[in-house]
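First the proteins, then the strands, lettered A, B, ... as listed; each starts at 1. Any value given below was found using the heavy atoms of this structure, including those in side chains, with hydrogens, waters and symmetry copies removed. Please read these numbers as outputs of a predicted model, since none were measured by experiment.
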4 protein chains.
Amino acid sequence: MSTKNEITAKRRKQIFEAAVKVMADKGFHDSTIKEIAREAGLGKGTIYQYIRKKEDLVTLIAEEGVLLLSQKIEEVSASADFPEQKLQSIIDVMLRLIQEHALLAKTMAVEIERFKSEDIGRIKDLFSQNILNAFASRIEEVMPGGYFAEGDALVLSDILVAMCFLWAHSDYVKKHAGDIESYKNILSNLFLYGLTRKKETGNG
Amino acid sequence: MSTKNEITAKRRKQIFEAAVKVMADKGFHDSTIKEIAREAGLGKGTIYQYIRKKEDLVTLIAEEGVLLLSQKIEEVSASADFPEQKLQSIIDVMLRLIQEHALLAKTMAVEIERFKSEDIGRIKDLFSQNILNAFASRIEEVMPGGYFAEGDALVLSDILVAMCFLWAHSDYVKKHAGDIESYKNILSNLFLYGLTRKKETGNG
Amino acid sequence: MSTKNEITAKRRKQIFEAAVKVMADKGFHDSTIKEIAREAGLGKGTIYQYIRKKEDLVTLIAEEGVLLLSQKIEEVSASADFPEQKLQSIIDVMLRLIQEHALLAKTMAVEIERFKSEDIGRIKDLFSQNILNAFASRIEEVMPGGYFAEGDALVLSDILVAMCFLWAHSDYVKKHAGDIESYKNILSNLFLYGLTRKKETGNG
Amino acid sequence: MSTKNEITAKRRKQIFEAAVKVMADKGFHDSTIKEIAREAGLGKGTIYQYIRKKEDLVTLIAEEGVLLLSQKIEEVSASADFPEQKLQSIIDVMLRLIQEHALLAKTMAVEIERFKSEDIGRIKDLFSQNILNAFASRIEEVMPGGYFAEGDALVLSDILVAMCFLWAHSDYVKKHAGDIESYKNILSNLFLYGLTRKKETGNG
DNA sequence: AATGAATGAGGGTTCATTCAT
DNA sequence: TATGAATGAACCCTCATTCAT
């Protein structure tokens with residue numbers, strides 16, 4: 001026995017997943033409502049019971065994506081590790097999530113930047129506050145005394161997050177890195193040590 | 001007195017620049033031929049004397065962009081600096097070009113990845129060979145003995161190039177970094193030293 | 001209460017009839033989908049729920065026309081009359097159908113020959129097998145011992161059918177013959193007796 | 001040394017022949033001025049020095065065709081043969097001309113009927129007076145005492161002329177008759193004797 | 001709530017025609 | 001006179017959105 005709300009939630013999920021799947025493949029403009037409806041196993045008209053405009057699907061995807069990432073990221077932030085480990089953890093989690101929700105991440109990475117609707121503004125704020133700031137905090141913990149000013153932390157977190165998303169939509173990166181584990185190591189080492197730091201050969 | 005070829009070249013440039021401008025603002029799909037024509041100061045039909053399909057405009061932009069970058073990048077590579085300076089130079093040049101041709105770079109960054117026409121394949125190869133490889137070579141020169149394997153150079157160049165392009169289309173980065181000079185320093189320091197290297201305070 | 005199929009059938013008919021009407025007047029190229037839609041009392045987009053391309057309308061018209069003619073022609077062929085009466089009957093039926101479906105016949109006569117799509121090939125085969133052959137059979141029955149070889153029957157049926165269709169699109173013929181009854185007599189007499197046979201004045 | 005008029009005449013011929021060639025292949029609407037110009041070895045703009053509108057090409061073709069046919073047909077009419085031979089001659093000439101100027105004839109047959117411009121009216125009159133009437137006269141000479149009324153001659157000449165043109169554009173007729181000689185015989189016999197007249201086996 | 005038939009705005013593209021050279 | 005670059009009207013077709021069932 002399903003309550004009305006349960007059905008609504010189920011439909012939303014159907015539509016969301018179909019939209020993610022189709023849009024990750026074709027991008028926003030080349031995806032049609034008809035195809036998304038078919039993928040969702042619903043009628044074309046039914047979609048419009050749950051969204052007002054096609055654009056809303058991107059909002060939906062963005063929102064879902066940001067929430068998903070936010071939750072996990074917070075967990076990591078709460079861990080008791082050393083700063084460097086915390087940074088590695090957050091990269092690790094981010095990449096794992098992106099891998100796990102590859103299609104969602106791809107659509108987020110590719111479509112969101114170009115959207116200018118009002119709703120997206122709200123989500124970008126959420127993204128900024130929950131994700132970028134979490135990264136920035138982790139970054140701030142490891143950079144004092146080094147080459148960066150305090151204000152650089154935000155830029156660096158923009159960069160790091162973007163590099164994580166790169167895994168979702170860059171064919172080059174996937175081809176060159178081979179697997180996500182390699183990519184994670186490269187990213188961690190780059191951010192922690194840079195290219196020129198020499199590894200200490202463990203003799204003492 | 002203009003020869004036919006001169007006019008043709010001039011028109012191509014007009015159209016190219018109009019396309020870059022409009023597409024950087026609206027993206028491929030939301031740009032209409034009509035608007036591009038208006039921006040170029042030409043009639044709608046005239047556009048089709050110089051391209052066969054709207055899609056060709058992206059190919060054109062991609063090609064022009066890759067050539068533009070390739071040329072300058074090569075110059076840097078030929079310089080006689082030390083490896084670390086060479087890497088800084090190439091980042092410097094890349095960012096300056098991206099700044100100078102901001103709209104072109106934005107369209108390149110945003111649209112090319114999603115295009116799947118045959119012509120784009122050719123251009124991606126060009127991009128890979130001329131730009132990614134140039135970066136990879138510079139990267140290889142500074143990383144021995146450190147945390148990276150030789151094969152990582154390509155991935156790292158993917159990453160570095162992506163970071164440069166981030167300046168072209170990420171509102172966050174622009175807002176957080178303020179100006180391109182800051183961004184350049186952040187990128188250079190990140191790549192050369194990473195977040196955790198401590199600056200030696202010169203009291204030796 | 002209309003089932004989905006009934007509506008579909010109704011729409012198809014609407015569109016078909018509108019297309020016949022408009023195309024008979026203007027020909028394929030000078031007919032626009034917009035006008036056909038208006039004539040059908042439907043929206044422009046609706047047409048494309050029932051056809052894929054404008055060209056399909058010609059296929060549809062051709063097919064319908066051939067089927068229509070085939071059915072009636074077969075009935076005549078099955079009659080028990082003498083050969084000469086059978087030939088007259090088939091001319092009679094053909095002309096009556098062409099008169100009755102004047103617009104359809106005109107479009108058939110004018111447009112089909114020039115179309116080269118694959119679907120038309122199939123329909124031409126149908127036309128050839130069902131209509132030309134029926135005429136040829138009737139012709140074969142009356143011509144032995146005369147001026148024609150057996151193999152001429154097909155050519156003669158091409159000619160006779162073309163003559164019938166002439167009624168559909170030749171202004172000259174309509175003007176000169178006046179009414180279809182006259183035209184039918186002329187055709188029958190021409191085919192049966194030729195120009196030079198003298199009528200026997202019934203005095204014996 | 002060419003006078004201005006000679007060049008003009010030469011250009012007209014070039015354009016005329018190119019138009020005939022292209023239109024016979026593709027029909028009026030699918031022929032472009034560009035292609036006709038190329039076929040004529042002239043620039044696109046040059047065409048418009050000799051015609052006002054694309055439609056004029058059809059007028060030109062029609063006019064030329066009618067004149068061509070008229071001239072030869074008149075010669076035959078002036079011959080001193082017996083009526084039946086005269087009819088055969090006129091069929092013979094007509095078919096030979098159609099064969100010789102196959103492309104011209106095809107375009108005449110296919111395109112003229114649908115054109116409604118004022119100029120075409122004039123040409124149709126010419127056609128009617130010069131060609132249809134010539135045929136009608138020949139027909140009138142052979143039909144007295146037979147199955148036809150005097151007024152039928154015009155209809156019969158419409159029919160006969162149409163049957164001659166059939167050779168120019170019916171694939172069926174060409175395929176079934178094989179060569180034009182056969183077709184000519186079939187047409188002649190049909191018109192002179194009909195299907196049912198028995199050949200007298202010449203034994204007294 | 002679910003559906004898909006109906007719709008028309010809007011976009012890409014073609015091409016007859018013009019006109020400056 | 002010859003040309004072809006320039007132009008925009010006009011057309012086909014797609015697809016987001018609506019709405020009656």
Side-chain angles (χ1 to χ4, degrees), chain A residues 2 4 7-8 10-11 29-38 40-57, chain B residues 1-4 7-8 10-11 14 29-38 40-57, chain C residues 1-4 7-8 10-11 29-38 40-57, chain D residues 2 4 7-8 11 29-38 40-57:
Chain A
S2 312
K4 191 175 122 182
I7 288 196
T8 296
K10 186 181 155 199
R11 289 280 175 271
H29 273 104
D30 290 332
S31 303
T32 66
I33 291 288
K34 193 178 176 181
E35 185 169 5
I36 290 168
R38 183 167 5 100
L42 293 170
K44 188 150 49 94
T46 311
I47 303 288
Y48 282 90
Q49 304 272 355
Y50 299 90
I51 61 169
R52 285 165 309 139
K53 313 196 310 328
K54 188 189 175 192
E55 219 174 287
D56 289 353
L57 287 171
Chain B
M1 186 193 58
S2 314
T3 68
K4 186 184 136 188
I7 291 213
T8 296
K10 186 181 155 198
R11 290 281 174 272
Q14 270 176 286
H29 272 105
D30 289 331
S31 304
T32 67
I33 290 289
K34 194 176 176 180
E35 184 167 9
I36 290 168
R38 184 169 0 102
L42 294 171
K44 187 153 52 99
T46 310
I47 303 291
Y48 284 91
Q49 299 249 357
Y50 299 90
I51 61 168
R52 286 164 310 140
K53 312 193 314 314
K54 188 188 176 192
E55 215 175 292
D56 288 353
L57 287 171
Chain C
M1 187 191 59
S2 313
T3 69
K4 186 183 135 184
I7 290 210
T8 296
K10 186 181 156 197
R11 290 280 175 272
H29 273 106
D30 289 330
S31 305
T32 66
I33 291 289
K34 193 176 176 181
E35 183 167 7
I36 291 168
R38 183 165 7 99
L42 293 170
K44 186 157 50 98
T46 310
I47 302 292
Y48 285 91
Q49 300 251 357
Y50 300 91
I51 61 168
R52 287 163 310 141
K53 314 196 310 318
K54 188 188 175 192
E55 214 174 291
D56 288 354
L57 287 171
Chain D
S2 312
K4 190 174 122 184
I7 289 196
T8 296
R11 289 280 175 272
H29 272 105
D30 290 331
S31 303
T32 66
I33 291 289
K34 193 177 176 182
E35 185 168 6
I36 290 168
R38 182 166 7 100
L42 293 169
K44 189 148 51 92
T46 310
I47 302 288
Y48 282 89
Q49 305 271 357
Y50 299 91
I51 61 169
R52 289 164 307 140
K53 314 197 306 336
K54 187 188 176 192
E55 219 174 288
D56 288 354
L57 287 171

Whole Å only: how far is the NZ atom of D:K34 from the C1' atom of E:dT18?
-> 17 Å
How close or far is atom P of F:dA10 from atom CD of C:E35, stated in whole angstroms?
-> 14 Å
Under 3.5 Å donor-acceptor pair, B:K44 side-chain atoms to E:dT13 base atoms | yes
Donor-acceptor pair present, B:K54 side chain and E:dT13 base, under 3.5 Å | no
If you measure from CD1 on C:I51 to CD1 on C:I33, what distance do you get to the nearest 0.5 Å?
-> 4.5 Å
In this structure, CZ of B:R38 is separated from OG1 of B:T32 (nearest 0.5 Å) by 7.0 Å
Under 4.0 Å between any heavy atoms, over every strand shown, what does A:S31 touch: base, sugar-phosphate, or nothing? Just pick one.
-> sugar-phosphate
Taking CG from D:L57 and P from E:dC15, how many angstroms apart are they, rounded to a whole number?
-> 16 Å
Any B:T32 side-chain nitrogen or oxygen under 4.0 Å from OP1 or OP2 of E:dG11 | no
Using purine N1 to pyrimidine N3 plus N6-O4 or O6-N4 for Watson-Crick, or N1-O2 and O6-N3 for G-U wobble, both under 3.5 Å, which nucleotide pairs with F:dC19?
-> E:dG4
Whole angstrom is fine here: how far is it from CD1 in B:I47 over to P in E:dT13?
-> 12 Å
Using a heavy-atom cut-off of under 4.0 Å over every strand shown, decide if C:G43 touches base, sugar-phosphate, or nothing.
-> sugar-phosphate
C:D56 CG - F:dC12 C1' separation (whole Å) = 13 Å
Taking atom C1' of E:dT13 as reference, at what distance in whole Å does atom CD1 of B:I51 sit?
-> 10 Å
What one should report as the nearest heavy-atom pair of C:Y50 and C:R11 is OH-CG, 3.3 Å
Over all heavy atoms of both residues, which pair between C:K54 and C:H29 is shortest? Give the atoms and the distance, please.
-> NZ-O, 3.8 Å
Taking a pair as Watson-Crick or G-U wobble with both distances under 3.5 Å, which nucleotide is matched to E:dT14?
-> F:dA9
N/O (side chain, B:T46) to phosphate O (OP1/OP2, F:dA5) under 4.0 Å = no
Short side-chain N/O contact to E:dA2 OP1/OP2 from A:Y50, under 4.0 Å = yes
Euclidean distance, atom OH of residue B:Y48 to atom P of E:dA16 [Å, nearest integer] | 18 Å
Hey, could you give me the CG/CZ distance between D:L57 and D:R52, rounded to the nearest 0.5 Å?
-> 11.0 Å
Hey, which of these two, B:R11 or C:I33, hits DNA chain F nearer its 5' end, going by closest nucleotide?
-> B:R11
In whole angstrom, give the distance that lies between atom CD of A:E55 and atom P of F:dA16.
-> 12 Å
Is a donor-acceptor contact shorter than 3.5 angstrom present between the side chain of C:Q49 and the base of E:dA5?
-> no
